[in-house]
Amino acid sequence: MSHRSRTSILLTLSLALTGLGVSAGPAGAAPPAPKVAPAPDGTTPIPAVEGPLASTEDSYPFGAADHQEVPQDLGRLGYVEEEYLVSGTSNVYTWPSAGPAQIRTEDAPYTTRVLVRKPAKGQKFSGNVVVEMLNPSNLFDLNIGWAMAQEQIVANGDAWVGITAKPIAVQALKNFDPERYASLSFANPLPLDYPRNCATVAADSARTTENGLIWDIYSQVGAWLKSSDADNPLRYGARDSQVEHAYGFGYSQTGGYLVNYINGVHPLVVESDGKPVYDAYIVAVAGGAFAGAYPMNQCEPAPPATDTRRQFEDVGVPIMRIMSQSDYLLGIGSRRADSDEPGDEYRHYEMAGAGHATPDELTFSASSADILAAGRAVPPASCNEGPRSRFPSSIFFNAALRNLDLWVREGIAPPRAEPILVRDGAPVLDEFGNVQGGLRSPFLDAPTSTWYGTATGASFCFIAGYERPLSQDVLDGLYRNHGSYIRAVKDSARTLEDEGFLTRYDARELWQDAARSDIP
């Protein structure tokens, strides 16, 4: 790749990750200071709660399961969906150097929305809740954690909770349903003429709002889900919350948010509460110079690409960082040694063959009609090279969530995987053009295609990826007949299942898909 090509990609990534050039309007006037549940002095407060909100034909949650691009019937899975509005006050932080963040502005009122998917019956609930700051990179909420790990969430009886995390997404909600979401607010607590209020903000932000309210919101929602508060949706009628473990999840932009939270705010929660709100984290496709951290408030820059604040060390709870083939090179600075040391439990994974922007993140989020109603553009499902890569990243996330839970509950250390092999700044490819190393799968170990991490075209095509099928001559040389191909896939899937890199149900589905194919 030429220097000019590398520079062009870096510039494109920088522009896309800091905003898409869309001016954001106000996300609601500042609400009055809400009444929150009392908490012991200094501990994380429980937000005030409204809900669950009624769902009707004319008013329903943005991104509701039965209004996704491909609708889901959660009832068939034994699940229900509820939406809540939560309100409280949040500090705005500054993060000038390594170590915990510092308070910049105290007690800014907020109201945001929370989407909950949970087992319908309490006896089916595992005690785990996966809590996700919903990704706003397309200027509206994407339910990516649900898209990536729903099979494991449902198989294990976990709950999933998504939080609207950024004012630009709040504005989309208000466009979509002005009445339902009228009270939502991430209002800037500082007057616009106040000396510490910056004159300019990122293209996807507004001076009248404040992106930095999300950190305390994330703590408070987690504390609510673990509390005995009467409005806690995970109490199931019991006196206390049925939540045993809360797992933080973030993807791409909100994966970078988790870096800020884990290194800047998590220590403050441990200091005030005596323990963390979140018992482990999955930081997805965010690291190093690729979405590796974000501004702690909208008036200060993100930590530089090589800053130690972008790396994890001695956090105190297990962390998995999972990069994709689209982003691992720019994010290579996030690599560090795996560890099983108490207090520094860490795994670094790189998904060989997998794209960053996937079809699933669109399939399992709001329908195209609802996105347009929210005043946003529908992200393209295809790029110049063809459809977004169909590579199923979910196989890696299902196993990661299962392994994370085993790590927390039973102290069973997850398997270790080598990173994608890099030499002189470029990936080392096999004879089929696929990367070597990384998290493996039958898609690369019993190949039928070459898998690319980047494509060209509109929006996020540069991290969408695509595939090129191998020629029939190559397939005929690899597999003597259809049965030979099935055996190759089954052998790969069984090995990876035995090593802990695939769940049993994903391994079975992979070789069953192979059996249904017409390869070679």
Side-chain angles (χ1 to χ4, degrees), residues 27-28 30-52 82-93 100-101 103-116 129-134 141 145 159-167 169-170 183-187 189 209-235 240-241 243 245-250 254 257-258 260-262 264-279 281 296-297 317:
K35 296 180 180 180
V36 298
D41 289 345
T43 61
T44 300
I46 307 303
V49 177
E50 178 185 349
E82 296 173 343
E83 186 179 46
Y84 296 82
L85 306 183
V86 298
S87 303
T89 59
S90 173
N91 294 324
V92 180
Y93 294 97
I103 295 175
R104 185 174 190 262
T105 306
E106 292 184 323
D107 297 334
Y110 73 82
T111 299
T112 192
R113 69 97 178 221
V114 173
L115 194 62
V116 177
V129 57
V130 178
V131 185
E132 172 181 11
M133 291 181 272
L134 296 173
D141 286 338
W160 171 85
V161 171
I163 306 168
T164 296
K166 196 171 186 178
V170 167
S183 64
L184 300 191
S185 174
F186 276 59
T209 60
E210 174 54 66
N211 297 337
L213 302 184
I214 183 55
W215 318 119
D216 279 354
I217 292 173
Y218 196 56
S219 296
Q220 291 171 21
V221 170
W224 168 52
L225 297 170
K226 285 185 165 182
S227 76
S228 58
D229 187 82
D231 294 315
N232 179 354
L234 300 181
R235 285 180 61 211
D240 297 317
S241 173
V243 172
H245 296 105
Y247 299 141
F249 183 96
T254 55
Y257 287 8
L258 271 190
N260 289 56
Y261 182 86
I262 291 167
V265 180
H266 173 103
L268 299 176
V269 175
V270 172
E271 181 181 5
S272 65
D273 294 18
K275 59 183 178 181
V277 168
Y278 295 98
D279 302 288
Y281 299 95
M296 190 60 82
N297 64 73
V317 299

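Both backbone and side-chain heavy atoms feed into the values below; hydrogens, waters and symmetry mates do not.
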Nearest atoms (heavy-atom pairs only) where R235 meets A230: NH1-CA, 3.0 Å
Residues L115, V161; criterion side-chain contact (heavy atoms from CB on, under 4.5 Å); working and verdict: CA-CA 6 Å; L115 194 62; V161 171; over 6 Å; no
K226 side-chain N/O to S241 backbone N/O, donor-acceptor pair under 3.5 Å: no
Test item: N232 side-chain N/O and W224 main-chain N/O as donor-acceptor pair under 3.5 Å: yes
Partners meeting side-chain contact (heavy atoms from CB on, under 4.5 Å) with S219 (sequence neighbours left out): T44, Y261, V265, V269
Steps toward side-chain contact (heavy atoms from CB on, under 4.5 Å) verdict (V129, L234): CA-CA 9 Å; V129 57; L234 300 181; 3.9 Å; yes
Whether Y278 and Y281 hold their rings parallel, tilted or perpendicular, with breakpoints at 30° and 60°: tilted
P276: side-chain contact (heavy atoms from CB on, under 4.5 Å) partners, not counting sequence neighbours: H266, V270, V317
Centroid separation Y218 to Y257 less than 6.0 Å: no
Closest approach of I46 to S227 (non-hydrogen atoms, all atoms of both residues): CD1-CB, 3.8 Å
Any donor-acceptor N/O pair, T164 side chain to T112 backbone, under 3.5 Å: no
Criterion side chain to side chain contact (heavy atoms under 4.5 Å, CB included) against P47, the qualifying member of D216, V86, L85: V86
Rounded distance (nearest 0.5 Å) linking atom CD of E210 with atom OG of S185: 11.5 Å
Partners passing salt bridge (Lys or Arg N to Asp or Glu O under 4.0 Å) against E82 (at least two apart in sequence or in another chain): K118
Backbone N/O of L134 and side chain of E132: donor-acceptor pair under 3.5 Å: no
Donor-acceptor pair, side chain of N211 and main chain of K166, under 3.5 angstrom: no
E83 vs P52 side-chain heavy atoms within contact, under 4.5 Å: no
Side chain N297, main chain V92, donor-acceptor under 3.5 Å: no
Minimum heavy-atom distance between P167 and F186, given as atom pair plus value: CG-CB, 3.5 Å
For the student: nearest non-hydrogen atoms of D240 and S228, plus distance: OD1-CB, 3.5 Å
Heavy-atom closest contact (Y84 atom, P233 atom, distance): OH-CB, 3.3 Å
Passing candidate, side chain to side chain contact (heavy atoms under 4.5 Å, CB included) with V170, options T209, L184, T111: L184
Residues Y93, M296; criterion side-chain contact (heavy atoms from CB on, under 4.5 Å); working and verdict: CA-CA 6 Å; Y93 294 97; M296 190 60 82; 3.7 Å; yes
Any N91 side-chain heavy atom under 4.5 Å of W215 side chain: no
SB check D141 R113 (cutoff 4.0 Å): yes
Non-hydrogen atoms of P109 and L213 that approach each other most closely: O-CD1, 4.1 Å
